[in-house]
Structure formats: structure tokens, C-alpha cells
Amino acid sequence: MPCLLTKARVFRVLPHRIALNHCSFQSITDSYANYLEIYARDQAFHSGRILHAYLIVNGLVRSTYLSSKLIVFYAQCGRTSDARHVFDGIPKTNFRRWIVMIGAYSRCGLYEETLAIFHEMQREGLKLNIFVVPSILKACGNLSDRKTGEKIHSAILRNCLDFDAFVDSALVDMYSKCGRVEKARLVFDRMPDIDLVAWNSMVSGYAQQGLAREAWDLVNKMRLMGIKPNLVTWNALIAGFSSVGDDVMVWDLFRMMRVDGFEPDMVSWTSVISGFVQNFRNIEAFYAFKRMTSCGVLPSSVTISSLLPACSAVADLRRGKEIHGYALIIGVGKDVFVSSALVDMYAKCGFIFEAAKLFEKMQERNTVTWNSMIFGYGNHGYCVEAIDLFYQMVEFKAVKLDHLTFTAVFTACSHAGLVEVGHNLFQLMQEEYGIKPRLEHYACMVDLLGRAGKLGEAYDLIKAMLIEPDSFVWGALLGACRNHGNIELAEIAAKHLFQLEPNSAGSCLLLSNLYADAGSWGNATKLKKMMKRKRLKRNPGCSWMESV
DNA sequence: TTAGGGTTAG
């Protein structure tokens with residue numbers, strides 16, 4: 001704890017000693033609160049810790065006001081155990097500490113921690129109030145935790161906390177983010193006073209669900225009612241139309257917002273770039289990025305991490321390197337999102353050792369960073385490295401393993417033919433990590449068993465599935481049957497594939513080739529004739545080369 | 001105490 005620092009040392013290192021004798025208690029408290037706010041904003045952990053020590057030494061930490069600032073500071077620096085320590089130091093009778101703690105965690109994006117504290121508050125039998133509910137709902141929305149969100153909605157109704165502008169706006173936002181936009185609209189329509197935040201929550205709700213037209217209709221309605229959209233409203237619309245790929249409307253919105261007195265900012269441009277990338281329009285994304293910088297708008301780490309997948313998609317290493325350099329110049333090169341996107345970019349462009357070098361050098365890594373590197377190794381045939389990295393991730397414990405981590409390691413096991421390892425990890429995923437197998441996990445496992453010639457086991461796994469198998473799962477089985485010449489199972493797999501994808505030529509061709517290999521020419525011809533009758537054609541593969 | 005933009009698979 002910081003209190004280990006001596007008073008003398010604290011005074012020597014504190015850059016902002018205040019002449020205590022000449023100030024009132026209030027102004028001293030305000031000054032330190034200001035410093036803590038600055039340190040929180042800049043995430044200056046070291047300086048804040050020293051100030052904390054100073055506050056302890058001088059007995060100022062007993063002030064609930066300063067303790068609240070300390071909690072916000074530690075939460076902002078991601079130091080939850082330190083925030084917790086300060087929280088525990090505030091008298092239990094002070095209800096405000098819950099509001100501060102939940103609010104700080106929620107605002108800093110520590111949503112799981114927010115809900116954990118909320119559950120603790122409930123266990124202590126404390127009632128909700130209008131100040132704490134919006135932060136909890138924000139956490140539910142961002143975690144897509146609809147069940148908890150609905151429970152809180154019931155509690156709001158039971159405790160008559162509705163008809164508060166903050167609570168209602170937060171409810172609209174929570175339902176929208178959980179994909180229940182119609183429920184959000186119900187809450188919205190029942191609001192007695194709809195303020196700008198509530199309008200924007202509803203507009204964003206439609207936009208985030210891809211309902212750009214509905215968002216646009218709502219903005220027109222709000223304008224008819226005499227409420228002027230602000231930059232947040234315009235950006236929500238831009239994000240909505242960008243995500244559905246309607247670039248004509250996006251550029252129209254740019255023009256309209258300028259008429260309204262708003263200049264597109266970094267968020268507006270980032271939404272456009274992100275929309276282009278998501279709609280596989282990489283050239284337009286680069287063009288938008290160029291226009292953004294020529295308009296004098298400085299890109300952020302979000303802009304860069306949205307743009308980098310455009311380089312990965314077409315394996316454009318030259319552009320990727322340029323953006324890497326640019327990110328370093330503007331000071332976002334070490335951001336964990338940017339670095340993760342860079343690891344992925346280098347791996348997808350074939351520079352796996354460059355990706356590994358970057359990965360090793362990173363000071364902070366999250367789940368996506370690890371997953372990208374494991375995928376990278378697996379896709380380049382470095383299966384041992386991929387599996388080794390997976391075990392390092394397990395040992396590291398600081399980051400959570402998710403469903404993609406397992407997809408990545410199963411793919412590696414499959415390529416290396418490590419049936420036993422893959423099988424054990426499939427069990428581990430469910431039993432140790434509580435991750436329910438998804439379709440892609442089953443597809444990997446069927447592929448793994450199939451490659452090893454264990455076709456019966458692969459089929460048994462499909463039969464035991466708790467979810468309906470898709471074309472990837474049956475496709476993996478059919479592919480394995482083709483390699484091992486098992487006509488009986490191939491016919492079963494193909495039957496399901498024909499039902500799932502009646503217009504796909506791939507499975508017909510596979511089965512027909514299998515018949516041909518086995519000398520069953522009659523069946524092969526029958527299939528080819530059926531393809532001709534249905535006018536099924538194979539989609540030719542294509543690849544993209546970029547000269548470096 | 002509430003509203004806008006982000007990276008990984010097939």
C-alpha cells in the first residue's frame with residue numbers, strides 16, 4: 001500500500017505541495033480533488049499513488065469526497081483492488097460509497113465489476129435508487145446482459161423509480177444494446193419528458209441494430225417537435241447508415257450536419273471508415289481515412305484499429321506498415337486495440353514472425369491479442385507454437401479465454417492431427433471454462449476426428465449435438481469422408497447439406513467425385529446430371545496478390 | 001447517475 005512511503009519522501013516527490021497553513025480545509029480538499037481528476041484523466045498511476053500516500057499521512061483520506069475521487073482515479077487506471085481498498089475504508093453507514101463505486105466502475109467500462117458490486121449491494125439488503133440504477137443499466141447494456149437488465153427494470157417499477165429522466169434514458173439504452181429495440185421504444189414512448197439524451201439513446205438504439213431508416217424517421221420527428229439534434233445525434237445516424245453500407249446517405253448526412261452548424265469530428269469519420277471496412281469496401285475506407293486527415297481531423301486509436309482490418313483483408317502489407325508508422329507518430333501505436341489489430345494484420349499478410357515480435361514486445365495484451373496470435377500461428381502451420389501459446393495464456397490467468405480462443409486452438413490441433421489434445425481441450429472448454437460448444441467448435445472437432453480417420457466418432461459427435469448442425473459441420477464430415485473413401489457416411493452428410501444449401505454445387509461435386517473414386521460411375525453421372533438440371537455451378541475461387 | 005466510434009474465426 002502507498003502508506004509505506006514515509007512523510008518525508010512524500011513531501012520530496014509531491015509535485016504540488018500546497019501551503020496547508022494558508023488555506024481553508026475546503027480549498028485544500030478541492031485542490032487535491034482536482035489533482036486526482038487530472039491524474040485519473042491522464043491515467044498517471046504513479047503520481048496518484050503518491051498523492052494517496054500523502055492524503056493518508058495527513059489524515060485527509062477520511063474525507064468521503066476525496067475517497068470518492070480516489071476510487072474514480074483507481075478505477076480509471078484499472079486498479080480495482082486499490083479502488084476496493086478505498087471503498088472498504090469508507091464507513092459502512094455511508095450509502096454514497098455504493099453510488100461512487102458503481103458509478104466509477106461503470107464509467108470506466110469495468111462492467112463485470114460493476115455488476116459484481118451491485119450484487120454485493122443487494123446481498124447487504126440495500127435498496128436501489130435513481131442515482132445508482134443508470135450505471136448498473138449501462139453495465140447490463142454493454143455486457144448484453146438482458147436478464148439482469150430486466151430484473152432491474154422490475155425493481156425500478158416496484159420501487160417507483162421510473163419517470164426519472166436518467167433512469168428512463170438508461171433503460172432505453174439498455175434494451176437497445178441488448179437487441180430489444182421494440183422494448184426500448186415502449187419505455188421511450190411512455191416517458192413524460194423526453195430530453196436530448198433520451199432521443200439520442202433511441203436513435204442510437206435503432207442505428208446500432210441496423211435500423212438506419214427508423215433512426216432517420218425518429219430524428220425527423222424530433223426536429224418537428226422543435227428539438228435540435230446535436231453532434232451525438234448526427235454521429236449515431238452516420239454510424240447507422242455506414243453499418244448498412246449506404247454511403248450515399250452518409251455523405252448526405254455530412255452535408256446536412258454542416259448546414260446545421262456541426263463539423264464532422266473524429267467519431268463521425270471513424271464510423272464511416274468502420275462501416276466501409278465491415279462492408280468489405282476497403283478502398284473506400286482508405287479514401288475516407290485520407291479525406292479525414294486532409295480535413296484536419298486527427299485519427300484516434302479507434303480509427304486506426306478500425307482501418308487495419310482493411311489491410312488484413314487484402315493482405316496489403318505496404319499500407320499496413322504505413323498505418324503502423326502513422327500510429328506510432330500520433331502516439332497510439334502502443335494502444336492494446338491498435339497493437340492487437342497490428343498483430344492480426346502482420347499475421348494475415350504472411351509476416352508471422354513480425355506479428356510474433358510485436359506480440360512479445362507488447363506491455364498489455366487482451367483476449368483478442370492472444371487469440372489473433374494463436375490463429376496466426378495455426379493458419380501458418382505453426383501448430384505446436386499455437387498450442388504452446390494457448391497453454392501460456394491459460395497459465396497467464398490475467399486474460400479471459402473465450403469461445404474464439406478455443407476455435408483457434410482446435411484449428412491448430414486439427415491441422416497438426418492432434419486428436420487426443422483437441423479432444424481433451426474440448427472437455428476442458430466446457431468443464432473448466434463453462435463455455436458451451438458453438439457450431440464452429442463442433443465443425444473443428446468433426447474436422448479433427450475426420451482427418452484422423454475417426455469418421456464414426458465424428459458422426460456420433462454430430463448426433464449428440466445439442467444445437468442443430470450447420471453446413472460447416474456436415475461439410476467437415478463430407479470432406480473427411482471424401483479423403484477416407486466412406487460412401488455410406490458421405491451420403492448421410494450430403495443429404496443434410498442438400499437440405500441446408502439446395503443451391504450449392506460444392507457438396508454435389510464432392511459426393512460425385514467420391515462416387516467416381518469408388519468406381520460408382522452410375523451414381524456419379526446421376527449427380528452431374530442433377531447439377532446440370534438445377535443449373536448449379538461451382539463458384540471459382542479467387543485470391544488477391546499485392547506486390548510489396 | 002443517462003446518449004456517439006474499436007481489434008480476433010469459418
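So that the names make sense, note that chain A is the first sequence line, chain B the second, and so on, each numbered from 1.
- Taking side-chain N and O atoms only, A/K138 has a distance below 4.0 Å to OP1 or OP2 of B/dA3.
- Across B/dT8, B/dG5, B/dA3, the shortest atom-to-atom separation from the side chain of A/L404 is found for B/dT8.
- The side chain of A/V197 lies closest to B/dA3, out of B/dA3, B/dT8, B/dT7.
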Indicate every side-chain donor-acceptor pair of residues 326-337 of chain A with a distance under 3.5 Å to a residue at least two apart or in another chain.
from   : atom 1 : to     : atom 2 : distance (Å)
A/D335 : OD1    : A/F337 : N      : 2.8
A/D335 : OD1    : A/V338 : N      : 3.1

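- Aromatic pair A/F390/A/F406: ring centres closer than 6.0 Å.
- In this entry the distance linking CG of A/L137 with P of B/dT1 reads 15 Å, nearest Å.
- The aromatic ring centres of A/F87 and A/W98 sit less than 6.0 Å apart.
- Distance from the side chain of A/F375 is smallest to B/dA9 among B/dG6, B/dA9, B/dT2.
- Rounded to whole Å, the distance from CZ on A/F118 to P on B/dT1 is 18 Å.
- What separates CG of A/L196 from C1' of B/dG4 is a distance of 12 Å, to the nearest Å.
- Proximity note for A/Q278 (side chain, C-beta onward) versus B/dG10, B/dG4, B/dG6: the nearest is B/dG6.
- The phosphate of B/dG4 has OP1 or OP2 within less than 4.0 Å of a side-chain N or O from A/Q208.
- Rounded to an integer number of Å, the gap from A/I71 CD1 to B/dT1 C1' is 15 Å.
- Within 4.0 Å of A/N230, counting heavy atoms only, lies at least one base atom of the nucleic acid.
- Base engagement by A/D265 is indicated by at least one non-hydrogen atom pair under 4.0 Å involving a base atom.
- When heavy atoms are screened at a 4.0 angstrom cut-off, A/D164 is found touching no nucleic acid atom at all.
- Nucleic acid contact class of A/I130 (heavy atoms, under 4.0 Å, all strands): base.
- Between A/K400 and B/dT8, a side-chain N or O to OP1/OP2 separation shorter than 4.0 Å is absent.
- The pair A/R185-A/E214 does not meet the salt-bridge criterion, since no charged nitrogen lies less than 4.0 angstrom from a carboxylate oxygen.
- Protein atom CZ of A/R365 is 16 Å distant from nucleotide atom C1' of B/dT8, rounded to whole Å.
- Nucleic acid contact for A/T303: none, since no nucleic acid atom lies under 4.0 Å from a heavy atom of the residue.
- A/F131 does not qualify as a stacking partner of the B/dT1 base, lacking a centre-to-centre distance under 5.5 Å together with planes within 30°.
- Listed nucleotides: B/dG6, B/dA3, B/dT8. Nearest to the side chain of A/N371: B/dT8.
- Here B/dA9 presents its P atom at 14 Å from CE of A/M345, a figure rounded to the nearest Å.
- Between A/D247 and A/R281, at least one side-chain nitrogen of the basic residue sits less than 4.0 Å from a carboxylate oxygen of the acidic one, meeting the salt-bridge criterion.
- The base of B/dG4 does not come close enough to the side chain of A/S271 for any donor and acceptor atom to sit less than 3.5 Å apart.
- Taking every side-chain heavy atom of A/F166 into account, B/dT2 is the closest of B/dT8, B/dT2, B/dA3.
- Following rounding to the nearest Å, A/K348 (NZ) and B/dT7 (P) show an atom-to-atom distance of 11 Å.
- Residue A/I304 is out of contact with every strand shown, counting any heavy-atom pair closer than 4.0 Å.
- As judged by a 4.0 angstrom heavy-atom cut-off over every strand, A/M202 is placed among residues making no nucleic acid contact.
- One finds a salt bridge joining A/E150 and A/K183 here, because a Lys/Arg side-chain nitrogen approaches an Asp/Glu carboxylate oxygen to under 4.0 Å.
- Rounding to whole angstrom units, CG of residue A/D195 and P of B/dT1 are separated by 16 Å.
- Here the side chain of A/M266 is nearest to one of B/dG5, B/dG10, B/dA3, namely B/dG5.
- In this structure, A/S306 does not reach the B/dG5 phosphate: none of its side-chain N or O atoms is under 4.0 Å from OP1 or OP2.
- Between A/K436 and A/H403 the shortest side-chain heavy-atom distance does not fall below 4.5 Å.
- Ranking B/dG6, B/dT7, B/dG4 by closeness to the A/N235 side chain, first place goes to B/dG4.
- A/S301 comes within 4.0 angstrom of a base, heavy atoms only.
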